[in-house]
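Single-structure report; data block below.
Counting begins at 1 with the first residue of the sequence.
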Amino acid sequence: WCSLSPRAHHRVAHPRRAQAQPRGMGGVASVMILCAASTTAWATTEAERTTTDAVAERAPVLRREASSEEKNTIMDAVRGRLATKTAYASADGAARVFSETPPPAGCGEATFVNVVARHGTRHSSKIARLDALAARLGLPWRYPGGDASQASLLTPRGREEHYELARRLRARYPLAFASVVSPASRTTIRATSKSRAVQSAEAFALGAFDYDDDDDPALVVTASGGVPAENEGSTRAFRVEIPAANDSDRQLRFFDHCAAHAAWEAALERNATSEYARYLASDEFEAALAAFRRRVGRGVPNEAGSSTTTESSSVSAADLLLAYEGCAYDVVVADADDRWCGLVADHVAVLEYAKDLDEWYENGPGNPVARTMPVELLRDLVAAFDDAVASSLAAATEDDVRAPNTTRRRSALRFAHAETLLPLATMLGLFDAQPAPTAARLDDARRFRTSVVAPMAANLVATLHPCGGASASKVKVLYNEREVVLPACAAEGVYCDLATLKRAFHDALHVWDFDALCGNAD
C-alpha cells in the first residue's frame, strides 16, 4: 500500500518527509491495485542518490572504461533518440519553458483543462529477456532496476515527470488548477487499471492541487461505479477512478477492445513485405546489425578481466532491437550510457527509425483503424468541455473560481498509454501534414519521431477559454506542452471555437458506433 500512498511521492517532491504510512482504500478494485503495486520498490531520496553507484557495482561496463568526453558524446547521441522509451525531459532537447499565445481579444484565461497523458517512465517489460540476451552474448550486465518482478512498473523518474508536468500546467493555467477545498468535487481523474497509470495520476494530482508539505491528502482509488472508498468524504481527498474488473475500457484502452485493430496488428506481424519488415532487411539496417555483431563478436571485458566472445552469426535483428531497448533503460533508469548504449550508439538513428516505422503503421496514421478507435475518448473530451460550460465555469471570475463552489468544473485528467495517445493524435489530424515513412531509406527530417511525439509521460492538453459568455468558448490544444493548430482549426489558429471543433467531428460525436467501426461481434 505504501507504493500508492501520496506521502511516498513527497519523498521526491518534499525530500524531508518521513517514511510513508499506509492509507485505507475501499472496493475490490482497490485490492487489485494494492496487489499490483505490492512489488513496486519505492525509492527513498537517499536511494535515488545512490542508484548510479549501486547499478555500476552490479552491471560493469560492456567495453573499456570510456573517458568523460566519450561518455558525453554517447549520451548526447542516444538520450533523445530512444523512441517510445525516451524520458520526457529528453523528448525534444529543450527546456520545458514555452511561449504562450495570449487569448484573443474578448476571451479570458483558461478556466478548464482536459488532459490525456501517457504514464511516466516505467521499467522495461522485457527484463528477463534482456538479462537472458546479456548472458547469451557473454556480457556482464543485469537489468539496473531490479529483477523481473519490476517489469512495467513506474519508476521514481516517472512519478517526478508527472508531478513536475502538473506544476508547470498549474503555473500556466492557475484558474483551472486553483487551490481547492475538495478537488474530488471539481476534477475527474481517471486511469487505466495498470498500476503505472494509477501512480502517474497520483503524482500529477499532488502537483496540480497545491498540497503542501504539512497537508497530505488522502488518496482514493475506486472502480468506476463502485462503492465509495474509506476516504471518499474527505475534503482533502482526491479520487482516481479505474475501470471495474470486468469493464470494457473503451475510452482509454480502446485498442484492447477493437477487433479490427487486433486483426491489423496480426496482419502486420505476418506481413514480410510491410514497411517495418522491409526496413529490417534493408542495407541500412543490415549495416547496423553487422556493426553490432562485430562489437559483440570481438569480446568484451568481464568481471574477471578476461574477454568473452559470441558467434556473430547467431546475433539477430531481434537481438539488436532488444539491445537498443537495453540502452534505453540503462539511460532512463540508471543514467548510464556505457553499457548497451556503447554497443549501439553509432547506429541509434537507424534503430529509432525502425521503431518509428513500427509505430506509424501500428498505432499511427498507417493504421486505418487509428482514426476511428478513439471515438469514445473524443466524446468524453467534448462532454467534459460541455459540462464545464454548463456548470458556468467558463463565465466565472477569478474570485468565483477560487471560491469553494462544488458546481464549477475545473479539469478532467486521464492517464493511459502510448497506444492511447498516438491514435488520438492521429484522429485529431496532428500528423496529417507528414508523408508516410517508408523502408526506402531513413528520413532524418521526418516530423513523426516517436522520441518526440510519444516519449514517456507524453501528453495532450486542451484548455477552455470563455469569450463573452458560456456559449462562446474557445479551445487551445497543447501537445507535449507546445501549442498546436488542429487541421480542423486551420482558419482560426491556436484558439479555436468549441463549436468549430464540434462541427468538424460531428460524425464521430453523433453518428459513429465503436462496435461497428471495430467489427466487433455482438
Report task. Identify the two heavy atoms, one from Val331 and one from Cys341, that lie closest to each other, and give their separation to 0.1 Å. Result -> CG2-SG, 3.7 Å

Query - Beyond-backbone contact of Leu430 with Leu460, side-chain heavy atoms, under 4.5 angstrom - result: yes

Report task. Show your working on salt bridge (charged side-chain N to carboxylate O under 4.0 Å, His left out) between Arg142 and Asp147 and close with a plain yes or no. Result -> CA-CA 9 Å; Arg142 295 291 300 279; Asp147 60 24; over 6 Å; no

Query raised in the report: Are the side chain of Arg379 and the backbone N or O of Ala508 linked by a donor-acceptor pair below 3.5 Å?
Result: yes

Requested in this report: Report the distance from atom CZ of Phe254 to atom OG1 of Thr420, rounding to the nearest 0.5 Å.
Outcome: 5.0 Å

**Report entry** Test: Asp497 and Lys502 ion pair at under 4.0 Å
**Finding:** no

Query raised in the report: Is the backbone of Arg196 close enough, under 3.5 Å, to the side chain of Ser200 for a donor and an acceptor to pair up by distance?
Result: yes

Query raised in the report: Any side-chain heavy atom of Pro104 sitting closer than 4.5 Å to one from Lys474?
Result: yes

**Report entry** Gap between atom CD of Glu164 and atom CZ of Arg159 - 0.5 Å precision
**Finding:** 13.0 Å

Query raised in the report: Does anything in residues 415-458 pair up under ring pair (Phe, Tyr, Trp, His ring centres under 6.0 Å), and if so which pairs, sequence neighbours excluded?
Result: His119-His417, His162-Phe415, Phe204-Phe415, Trp360-Phe448, Phe431-Phe448

Query raised in the report: Can a donor-acceptor pair be found between the side chains of Tyr329 and Arg122 at a distance below 3.5 Å?
Result: yes

Query raised in the report: What pairs meet the ring pair (Phe, Tyr, Trp, His ring centres under 6.0 Å) rule with one or both residues in residues 473-505, with sequence neighbours excluded?
Result: His465-Tyr495

Query - Derivation and outcome, side chain to side chain contact (heavy atoms under 4.5 Å, CB included), residues Val116 and Leu377 - result: CA-CA 9 Å; Val116 180; Leu377 176 55; 4.3 Å; yes

Query raised in the report: Side chains of Leu321 and Leu280: does their closest heavy-atom pair fall under 4.5 Å?
Result: yes

Query raised in the report: Does the side chain of Gln251 pick up a donor-acceptor pair with the side chain of Arg190 at under 3.5 Å?
Result: yes

Query raised in the report: Side chain of Asp319, backbone of Ser316: donor and acceptor closer than 3.5 Å?
Result: yes

Query - Phe177/Ser411 under side chain to side chain contact (heavy atoms under 4.5 Å, CB included): CA gap, chis, key distance, verdict - result: CA-CA 8 Å; Phe177 292 107; Ser411 56; 4.2 Å; yes

Query raised in the report: Got more than 12 heavy atoms from elsewhere within 6.0 Å of CG, Asp283?
Result: no

Query raised in the report: Quick one: do the Thr438 and Glu275 side chains pair a donor with an acceptor below 3.5 Å?
Result: no

Query raised in the report: Roughly how far, to the nearest 0.5 Å, is CG of Asp256 from CE of Met373?
Result: 10.0 Å

Query raised in the report: With no hydrogens and no angle check, do the side chains of Asp249 and His257 hold a donor and an acceptor under 3.5 Å apart?
Result: no

Query - Tyr361 versus Glu265, side-chain donor and acceptor atoms under 3.5 Å - result: no

Query raised in the report: Would you call Lys85-Asp330 a salt bridge at under 4.0 Å N-O?
Result: no

**Report entry** Presence of salt bridge, Arg79 and Asp335, under 4.0 angstrom
**Finding:** yes

Query raised in the report: Are side-chain N/O atoms of Thr188 and Glu241 paired as donor and acceptor at under 3.5 Å?
Result: no

Query raised in the report: Has the side chain of Arg270 got a donor or acceptor atom that lies under 3.5 Å from a matching backbone atom of Leu268?
Result: no

Query raised in the report: What is the minimum heavy-atom distance between Leu154 and Thr121, and which atoms define it?
Result: CD1-O, 3.5 Å

Report task. Check Val452 against Ala91 and note the closest heavy-atom contact, atom names and distance. Result -> CG2-O, 3.0 Å

Query raised in the report: Atom CG of Asn367 and atom OG1 of Thr372: how far apart are they, to the nearest 0.5 Å?
Result: 8.5 Å

Query raised in the report: Just checking, is any N or O donor in the side chain of Ser124 or Glu325 under 3.5 Å from an acceptor N or O on the other one?
Result: yes

**Report entry** Heavy-atom check, side chain of Asp356 versus side chain of Pro437, under 4.5 Å
**Finding:** no

Query - Residue pair Leu378 / Met427, side-chain heavy-atom distance below 4.5 Å - result: yes

Report task. State, to 0.1 Å, how close Pro103 and Cys107 come at their nearest heavy-atom pair, and which atoms those are. Result -> CB-O, 3.8 Å

Query raised in the report: Does Arg447 use its side chain to pair, donor to acceptor, with the backbone of Gln434 at less than 3.5 Å?
Result: no

Query raised in the report: Which residues satisfy the side chain to side chain contact (heavy atoms under 4.5 Å, CB included) test with Asn459, sequence neighbours excluded?
Result: Tyr88, Ala117, Leu165, Val461, Asn480, Glu481

Query - Pro455 backbone acceptor or donor facing Arg118 side chain under 3.5 Å - result: yes

Query raised in the report: Do you see a donor-acceptor pair shorter than 3.5 Å between the side chains of Tyr173 and Glu109?
Result: no

**Report entry** Between OH on residue Tyr276 and OG1 on residue Thr273, distance to nearest 0.5 Å
**Finding:** 15.0 Å

Query raised in the report: Heavy-atom count around Glu269 CD within 6.0 Å, excluding the residue itself: above 12?
Result: no

Query - Audit row: Thr463, Phe112, side chain to side chain contact (heavy atoms under 4.5 Å, CB included) steps and yes/no - result: CA-CA 6 Å; Thr463 58; Phe112 181 85; over 6 Å; no

Query raised in the report: Short question: side chain of Asn363, backbone of Leu422 - any donor-acceptor pair under 3.5 Å?
Result: no

Query raised in the report: Would you say Arg157's side chain and Val332's backbone share a donor-acceptor pair under 3.5 angstrom?
Result: yes

Report summary line: Heavy atoms of Gly146 and Ile127 approach each other most closely as O-CG2, 4.0 Å

Requested in this report: Indicate yes or no for a side-chain donor-acceptor contact from Arg371 to the backbone of Thr426 under 3.5 Å, with no hydrogens or angles considered.
Outcome: yes

Requested in this report: Could you tell me whether the side chain of Glu284 and the main chain of Leu442 form a donor-acceptor pair under 3.5 Å?
Outcome: yes

Query raised in the report: Using 4.0 Å as the upper bound for N to carboxylate O, is an ion pair formed by Arg449 and Asp443?
Result: no

Query raised in the report: CD of Glu352 to NE2 of His347: how many Å apart, nearest 0.5 Å?
Result: 15.0 Å

Requested in this report: Using a 4.5 Å cut-off on heavy atoms from C-beta on, say whether the side chain of Leu82 contacts that of Cys327.
Outcome: yes

Report task. For the residue pair Trp141 and Tyr143, categorise the inter-ring angle as parallel (less than 30°), tilted (30 to 60°) or perpendicular (more than 60°). Result -> perpendicular

Query raised in the report: Just wondering, do Val348 and Val344 contact through their side chains at under 4.5 Å, heavy atoms?
Result: no

Query raised in the report: Would you say the side chain of Leu424 lies within less than 4.5 Å of the side chain of Leu381, judging by non-hydrogen atoms?
Result: yes

Query raised in the report: Which heavy atom in Ala384 sits nearest to a heavy atom in Asn114, and how many Å separate them?
Result: CB-OD1, 3.6 Å

